Amino acid sequence: MDDGQRLWNAILDRPFSRSLRQIYADWLEEHGDPRAELIRLQDRAVPRDPWREVELLRSHEAQWLGSIAQHAQDWTFRHGLLTRVTVEAERFLAHGDEWTRRPGLLGVVLTKARDHVNALAACPWLERIPFLWLDQNDLEAEHAAILATSPHLRRVQWLSLARNALLGNGVQPLLASAHLRRVRALDLGSINMGPGFTLPTAGIGRQVRWLNLFGNELDASALLTWLNAPGWVDSLRDVRLGDAPLRGLLPRLAASPVMVRLRALSLSNVDTPADELQSFAAAPAIAGSRSLILWGLWEMRDEGIRWLVRSPHLRRLRHLSLEGSIQGSEGFACLGEPGVLPGLRSLHASVTYRVDRTDDLTPGMERLFAGTLIRQLRRLNLQNTPIAGTALARLTGKAVLPLRWLRLVIGDGAATEALGDLVSKGCLDRLRALRLTTGNGLAAVINQLGRLPDLRRLDWNSCHGEDLGTLIRHDFAKLESLTIWNIDGTSEIYHAAFARWLARQPLLSLLLPAALNETVAWICQQHLPHLAELYLSMDVTTEAHLAVWPGLARLRYLRNTGDHAEPAQPNLGDSPHWSPTVRVEGQFSPATAERLRERLGPRSGG
């Protein structure tokens, strides 16, 4: 066994170790292997360069994948390694020995596994897989019992059994398995656990740091017994719960031993009145929390949010999500109070749809944007919540904000003017991602976007054709992704000019709506050297243009977001330009779908 294989075996034993990956990258570099550069780029060991990442994958992905590319539906390179390969269980059983003997593969997502559980349990090359997903395979208790006996799962550290609704309490043998004691991340979301479940006294638990129990019918008492059980209570750091009868959970959780060690808690769609938030916020045990996701907790009302943000024990909280949990103006206003949540860097907040809201959100928004919290955030997501110009105007004249990621719904023309003013005065110079939804023209903002020196992602919903004419007056040196969801006034669009503008941008990813399909014809006459991902709502004409476009050879991913049943001529599946590693998804005509399956195999999404 050479040094490279020994290093790879060490990574299989410790797949979360960044230091081991960097040592392995050094060894690869010494032996002239370009994977070293990809590991360092994706591990952020060197300055970020997504264009170089795509270039490396275009040049070497087929070699690194080998025969995986002919059998897998999808795959993901993360930290420079193959962390997820989605493949049918039958294909993995036939070819997995070859795939896992070559260094590089860490995880598999097995589909259609129900009829192959016995063979998987006896499969020796599963010993070389630390990340295993068995989601949505209709697994039942008998399958869990078979897998629990397999000694070949001894290396698994990430195990997902999510959305196997027939599994239920039958998951117990797996939790008790002596062969799964190294599991660190466990996903049991929506497997229908419920009354009568009892936690085994041995097995999984001693190492589990991340646990998802969302969508099960366990009550608060059963959950607390689990989370505070020996082994679990000492290791858990991140727990995700919700869609369950968990009323009364929060105050009891805050008073239990596991809360002292938790760093992240997600609670979704649970009846949680304000007095429970008051008890939770007053508990010293929450002082270690770094992330709180309270999604859709509409019963806590704005009073509960006030208790939460005023807690003296959440000074080190870094991320807070209140999506679908705010009921009115006061919920936003309390986020603007002086000195609240001094460590917060990321905020997601939006109003609930569960109650009829009649109050004006503007006073609360004005207080939020005038407060101290807004000046410390790196990420702000205010989706589904229209912003008035008077609120955004509160930021005018302030120093450069640290915001890197911003999502807003523009509520009126004054908000457009105020946002444009913020950009022109340099208040948003650090912005890297901007997501806007508006029913108004965006000219006042777009005219200033060229002033954002570091803008990398632009996501745009409900814009107007005139706005594109304004946009193409500016070029963006770092724009990686452009997404346009809906657009009106297409008669005013100069499609050829827009396509030429797209070709000048260093785009890696592009999404266009059906209203811009005429632009696609012009795009297919351009050279977009960097484009790797393309999302289109195709019609017959669009498909025909793509079929003869040489740019297909550079795409790594193509998705049809629309649905049409008519066959195109020429057929997209007959294109001579397909890359050997491209993935194609979406609904196509039967004739096109059949040719795509013949040409691309599982990579056609079928």
Side-chain angles (χ1 to χ4, degrees), residues 54-55 57-76 85-88 90-91 94-95 111-112 482 495-496 498-500 502-503 507-606:
V54 169
E55 184 181 339
L57 288 168
R58 279 181 179 150
S59 300
H60 304 288
E61 188 172 33
Q63 174 191 347
W64 294 336
L65 288 168
S67 65
I68 290 174
Q70 280 72 58
H71 296 281
Q73 297 163 242
D74 199 7
W75 54 82
T76 301
V85 170
T86 302
V87 63
E88 292 179 4
E90 186 175 12
R91 292 174 183 261
H95 305 282
T111 64
K112 301 181 181 178
L482 175 64
H495 295 277
F498 182 44
R500 288 192 292 270
L502 289 170
L507 289 170
L508 298 173
S509 176
L510 175 64
L511 184 151
L512 297 177
L516 288 177
N517 277 346
E518 187 177 337
T519 301
V520 178
W522 293 97
I523 288 175
C524 291
Q525 300 178 32
Q526 306 296 321
H527 178 58
L528 280 73
H530 305 290
L531 193 64
E533 298 180 6
L534 183 59
Y535 305 79
L536 299 172
S537 183
M538 300 182 196
D539 55 21
V540 174
T541 304
T542 305
E543 186 181 319
H545 283 300
L546 288 173
V548 297
W549 182 41
L552 281 183
R554 294 184 295 275
L555 290 185
R556 297 185 62 242
Y557 185 80
L558 173 66
R559 181 175 181 85
N560 181 16
T561 60
D563 183 9
H564 71 90
E566 298 179 46
Q569 291 296 330
N571 190 306
L572 184 61
D574 291 325
S575 173
H577 303 297
W578 288 116
S579 156
T581 58
V582 69
R583 273 75 46 82
V584 178
E585 291 189 4
Q587 299 295 319
F588 295 92
S589 70
T592 299
E594 179 62 28
R595 282 298 292 135
L596 287 171
R597 280 193 293 271
E598 292 172 359
R599 288 288 304 278
L600 307 179
R603 292 181 288 121
S604 67

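From a predicted model like this one, the values you see are computed outputs, not experimental measurements.
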Identify whether the distance between the nearest side-chain nitrogen and carboxylate oxygen of Glu594 and Arg597 falls below 4.0 Å. yes
Are the side chain of [X] and the backbone N or O of [Y] linked by a donor-acceptor pair below 3.5 Å?
X	Y	result
Arg58	Ala553	no
Arg559	Leu511	no
Arg595	Asp574	no

Tell me whether the NZ or CZ atom of Arg603 lies within the 45° cone about the ring axis of Trp75 and under 6.0 Å from its centre. no
Show the numbers, then the answer: is there a side chain to side chain contact (heavy atoms under 4.5 Å, CB included) between Leu516 and His495? CA-CA 8 Å; Leu516 288 177; His495 295 277; 4.2 Å; yes
How close do [X] and [Y] get, counting heavy atoms only, and between which atoms?
X	Y	answer
Val54	Ala532	CG1-CB, 3.9 Å
Leu572	Trp578	O-NE1, 3.1 Å
Ser537	Gly562	OG-CA, 3.4 Å
Ala593	Phe588	N-CB, 4.1 Å
Ala69	Pro580	CB-O, 4.2 Å

More than 12 non-hydrogen atoms from neighbouring residues, nucleotides or ligands closer than 6.0 Å to [atom1] on [X], yes or no?
X	atom1	answer
Glu90	CD	no
Gln587	CD	no
Glu566	CD	no

Decide yes or no for [X] and [Y]: does some side-chain heavy atom of the first lie under 4.5 Å from some side-chain heavy atom of the second?
X	Y	value
Ile523	Trp549	yes
Cys524	Leu546	yes
His71	Glu88	no
Arg554	His527	yes
Leu507	Leu502	yes
Leu600	Val582	yes
Gln70	His95	no
Met538	Leu558	yes

Please report the interatomic distance OG(Ser604) to CZ(Arg583), rounded to the nearest 0.5 Å. 12.5 Å
Output the distance between atom CG (Leu512) and atom OG1 (Thr561), rounded to the nearest 0.5 Å. 9.0 Å
Qualifying residue for side chain to side chain contact (heavy atoms under 4.5 Å, CB included) with Gln73, from Val85, Thr86, Val87: Thr86
